[in-house]
Amino acid sequence: MVLAQMAGGAPTRMLRVDPSGTWKCSNCAGDGKQHDGRLNPDQASRLQELAHDPALERETDLVRGYRLPCREGLVSTVQIERVLVTSTDCAGDQRPPVAAEILRLLTDATPAEATRPGVPS
């Protein structure tokens, strides 16, 4: 699974999580550094449940006909094999529920706060 995030002109944050819960992240906290770790067993189990939730197939960009509503907000893309779901923090953009839960889990479990250049994390 891959979570990629971009905020305005800030460098992309790229988080890769394998099925066991081991993760590697580049620019994870907007600091340009590499981080790695492991989800706790409950987090890893929940992530696998969400990744295999059939509802996720209905949340793909293709199914939703997703178009990026703004470029100023935080853009988050979750990719699990061939499933790609994008959402933003733009006004009016509705986050698909399963992908939003994946994003929340990964944000809570990793140093995942994307920051803008010059803004302390």
Practice task
Could you list the residues that satisfy side-chain contact (heavy atoms from CB on, under 4.5 Å) with Asn40, not counting sequence neighbours?
Solution key: Asp42, Gln43
Exercise for the section: Would you give the length of the straight line joining atom OG of Ser45 to atom CG of Leu39, rounded to the nearest 0.5 angstrom? Expected result: 11.0 Å
Exercise for the section: In sequence, state the C-alpha distance, the side-chain angles, and the governing distance for Met1 and Leu106, and then conclude on side-chain contact (heavy atoms from CB on, under 4.5 Å). Expected result: CA-CA 11 Å; Met1 172 179 308; Leu106 294 176; 4.0 Å; yes
Exercise for the section: Tell me whether Ile80 is reachable from Leu15 by hopping between hydrophobic residues (I, L, V, M, F, W, Y) whose side-chain heavy atoms are closer than 4.5 Å. Expected result: yes
Practice task
Calculate, to the nearest 0.5 Å, the distance between atoms CG and CZ belonging to Leu3 and Arg13 respectively.
Solution key: 5.0 Å
Exercise for the section: List, by chain and then residue number, the residues other than Val2 in its hydrophobic cluster (Ile/Leu/Val/Met/Phe/Trp/Tyr, side-chain heavy atoms under 4.5 Å); write none if there are no others. Expected result: Met14
Completion exercise
Grouping ILVMFWY residues whenever side-chain heavy atoms fall under 4.5 Å, the cluster of Leu84 otherwise contains none
Just list the side-chain donor-acceptor pairs under 3.5 Å for residues 90-105, sequence neighbours left out, or say none.
| unit_1 | atom_1 | unit_2 | atom_2 | d |
| --- | --- | --- | --- | --- |
| Asp93 | OD2 | Tyr66 | OH | 2.7 |
| Asp93 | OD2 | Thr88 | N | 2.8 |
| Asp93 | OD2 | Thr88 | OG1 | 2.7 |
| Arg95 | NE | Ser87 | OG | 3.3 |
| Arg95 | NH2 | Asp89 | OD1 | 2.3 |
| Glu101 | OE1 | Arg46 | NH2 | 3.2 |
| Glu101 | OE2 | Arg46 | NE | 3.0 |
| Glu101 | OE2 | Arg46 | NH2 | 2.7 |

For a quick test of your reading: what N or O donor-acceptor pairs under 3.5 Å do the side chains of residues 50-57 make, sequence neighbours left out?
| unit_1 | atom_1 | unit_2 | atom_2 | d |
| --- | --- | --- | --- | --- |
| His52 | ND1 | Gln48 | O | 2.8 |
| Asp53 | OD1 | Ala55 | N | 2.8 |

Practice task
Go through the structure and list residues passing side-chain contact (heavy atoms from CB on, under 4.5 Å) with Lys33, not counting sequence neighbours.
Solution key: Asp31, His35
Fill in the blank from the handout: Minimal heavy-atom distance between Pro111 and Trp23, with the atoms involved, is CD-CH2, 3.4 Å
Practice task
State the CD-OG1 distance between Gln79 and Thr86, to the nearest 0.5 angstrom.
Solution key: 9.5 Å
Problem - Qualifying residues under salt bridge (Lys or Arg N to Asp or Glu O under 4.0 Å), relative to Asp61, sequence neighbours excluded - result: Arg64
Exercise for the section: Just jot down the side-chain hydrogen bond (donor to acceptor under 3.5 Å, both in side chains) partners of Thr22, sequence neighbours excluded, or say none. Expected result: Ser20, Arg38
